[in-house]
Protein chains: 2
Amino acid sequence: MSTPLVPAAELPRPEGAASFSPLYRQIKSLLIARLQAGEWKAGEAIPSELELAARFGVSQGTVRKAIDEMAAENLLVRRQGKGTFVATHAEEKIQYRFLRLVPDEGSEALGRQLLDCRRQRAPAWIAKALQMRAGDAMVEVRRLLHSKGVPVVLDDIWLPGQLFKGLTAERLAQHRGPFYGLFEAEFGVHMIRAEEKIRAVAADADSAALLQVPVGTPLLSVERLSFTYGDRPVELRRGLYNTSTHFYRNELN
Amino acid sequence: MSTPLVPAAELPRPEGAASFSPLYRQIKSLLIARLQAGEWKAGEAIPSELELAARFGVSQGTVRKAIDEMAAENLLVRRQGKGTFVATHAEEKIQYRFLRLVPDEGSEALGRQLLDCRRQRAPAWIAKALQMRAGDAMVEVRRLLHSKGVPVVLDDIWLPGQLFKGLTAERLAQHRGPFYGLFEAEFGVHMIRAEEKIRAVAADADSAALLQVPVGTPLLSVERLSFTYGDRPVELRRGLYNTSTHFYRNELN
DNA sequence: AAGTGGTCTAGACCACTCT
DNA sequence: GAGTGGTCTAGACCACTTG
C-alpha cells in the first residue's frame, strides 16, 4: 500500500492546511478507487466487513462507517445475511433509477424505439460539458420512449467516443433494460450521480413531429449530466418530455 | 414513560407480525414526537447525546445512531462542539431550502411581491391533498418572485385554516425571509419534506399578464405538497416558473 | 477547563441467508 | 452451522466551541 492508513489524530497538520480525513474516509476512498479500477463489477459482492477490516488493519466498525456512507450514496447495496454488493442500474426492477417520469394513472413500463446512433465529432458545448476537446470523438444517440404506444419522451444522448468504443445501433437495439445497465456490463462505465437542468420549452418542428404533438406544445426539457466515480462527467442527455399524461416527480428534503 | 424501551431482541414477535424496531429507531420516534409536540423550537438546541442517553437509559452510541438518521433527514443539524439543533428554514442564508430555481447567470436574491391573501373554503381537490374536508377553512396566498425586477415565479399557496389562524396579508408582507421561517416561528409548523409534480404548461391570460409574457408561453408548473412531522400534509403550492433566464436544478443519486 | 459532537476500538449478541 | 450484515454497549481519546 503506497499510502499507509493513519488515524486522523496522527496525521501531520501543517498550519492552515485543509483538515485531514478520518480513517473511515480514507478507507472509503480506497474502496472507491477499487470500484473505479473495476476490481469488483456491477452487481458483484465486495469482501465482507470483517475481511476488509483485517485487510486494512482497522476495526469492523470503521469499515462499517465507510460502507455506510457509500451505501447512502448508492455506490453499494447492503443485504443482510448475504453481503455488500456493487450498485447497478441493471436489476432495478421497479424502474429506471434516474428517470423521474411518472404516469398520471397506472404504471405501465415504457417502450423504447431507437431512432439513431452515430459517431460524430463533438461540438464545443458538448465537449465542454463532458470535459473533452471540441472535435473529439463522440457517440450520439436519439431515441423515443412510448407509453401505450404514444411517444412521451424524445432523448438525445451524447457519450465520449473514447469510453464507448464498440457502441453501435445494433448493440443498443439488441439490449434489454436501461442503457445504463449496458454501459456497466459492456463498457465498465457506472453512472453514480447526475445533475439535471429543467426548463419548459416549446416543441419545434422536429420534436413536434416525433412526439406527435402540434408545434409550440409546451414540453419539459430535461438536460442531464451524469457522472461516474471521481465526479467525471460521462454522459450528456437532453430529454423532451410530453407532460400531458405524465409528470416529473421530485422529492425535497 | 408509557412505552418502555426494549431492545429489539426482547420484543415479542407474534407470528407473521411486522418486524419491530431496533432501539435506536424507538428513540428516534420519541425524539420526533417531542419535536412534534414543540418541546424544542426551530433553531434551538436539543439535549446533549450523553444527557439523552442517560435519560433514555441507553448508551451514547444508540442515541447517536438515532440522531444520525434524523440529521440525514434534515430534521436536526449537528454542530461539533456546540450541540445538536432543530433544523430551521429561517436561517438558511444561501437560499430557500425547497426552491430549486437557479439563474442562468449570476446569483441574485429574489424579490417578493405579495398579491393576495385571503381565507376561503377549500375546494375538493385541495381538501383532498391536505387531508381536510371540502369546505373546511383554508388560507390562499398568491405572490410573485422577481429577479432584477422581472417576475419569474407566480406562486399560489394553500394552507389549512385550522393551523394558520392569525395569518393575514399584513403579517406576510411585514415578514422578511422565507415563508417557511414565519410558519415555524409564528405557527409552529415545520416543513420537513415535500413532493413536487412538475409539468410544462402554456401560460393562460391570467398568469401571462402577471409574469409579463405572451399568452401560450411555456412555463414550468411545479405543484408542491409539503409535509410536517408524521407525514402530515400542511401546504399545497403551485408555482409557475418562467424558465427563460432560470432553470430548475435537480440532483439524482 | 468543561462540555459538545466525532472517531475508533473490542466484544457480545441478534437477524438473516444459504448449505 | 457458518457466514453475512445489524444492533448495542463501554470506554478511550480527538476536535471544536465557549467561558
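So you know, we letter chains A, B, ... as the sequences are listed, proteins then strands, and number each from 1.
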Q: Just jot down the side chain to side chain donor-acceptor pair (under 3.5 Å) partners of His146(A), sequence neighbours excluded, or say none.
A: Gln113(A)
Q: Hey, could you give me each pair passing salt bridge (charged side-chain N to carboxylate O under 4.0 Å, His left out) that has a residue in residues 174-189 of chain B? Not counting sequence neighbours.
A: Arg171(B)-Glu186(B)
Q. So does Lys82(A) get a side-chain nitrogen or oxygen closer than 4.0 Å to the phosphate oxygens (OP1/OP2) of dG5(D)?
A. no
Q.
If the condition is ring pair (Phe, Tyr, Trp, His ring centres under 6.0 Å), which residues does Trp158(A) pass it with, not counting sequence neighbours?
A. Trp125(A)
Q: For Glu251(B), enumerate each residue passing the side chain to side chain donor-acceptor pair (under 3.5 Å) test, keeping only those at least two apart in sequence or located in another chain.
A: Arg249(B)
Q | Thr84(B) vs dG5(C): side-chain N/O to OP1/OP2 distance below 4.0 Å | A | yes
Q. Looking at residues 43-54 of chain A, who's got a heavy atom less than 4.0 Å off DNA chain C?
A. none
Under 3.5 Å, N/O pairs linking protein and nucleotides 9-12 of chain D:
unit_1	atom_1	unit_2	atom_2	d
dT9(D)	OP2	Ser59(B)	N	3.0
dT9(D)	OP2	Ser59(B)	OG	2.9
dT9(D)	OP2	Thr62(B)	OG1	2.3

Q) What residues, two or more places apart in sequence or in another chain, satisfy side chain to side chain donor-acceptor pair (under 3.5 Å) together with Glu223(B)? A) none
Q.
Suppose we screen for side chain to side chain donor-acceptor pair (under 3.5 Å). Which residues come up paired with Asp68(A), at least two apart in sequence or across chains?
A. Arg78(A)
Q: Taking only heavy atoms on the protein side, list every residue of residues 66-81 of chain B lying under 4.0 Å from any atom of DNA chain D, sorted numerically.
A: Gln80(B), Gly81(B)
Q. Residues in side-chain contact (heavy atoms from CB on, under 4.5 Å) with Ala72(B), at least two apart?
A. none
(Q) Taking salt bridge (charged side-chain N to carboxylate O under 4.0 Å, His left out) as the cut-off, I'd like each qualifying pair that reaches into residues 21-31 of chain B, sequence neighbours left out, listed once. (A) Arg25(B)-Glu69(B), Lys28(B)-Glu69(B), Lys28(B)-Glu73(B)
**Q.** ring pair (Phe, Tyr, Trp, His ring centres under 6.0 Å) involving Phe164(A) - partner list, sequence neighbours excluded
**A.** Phe183(A), Phe187(A)
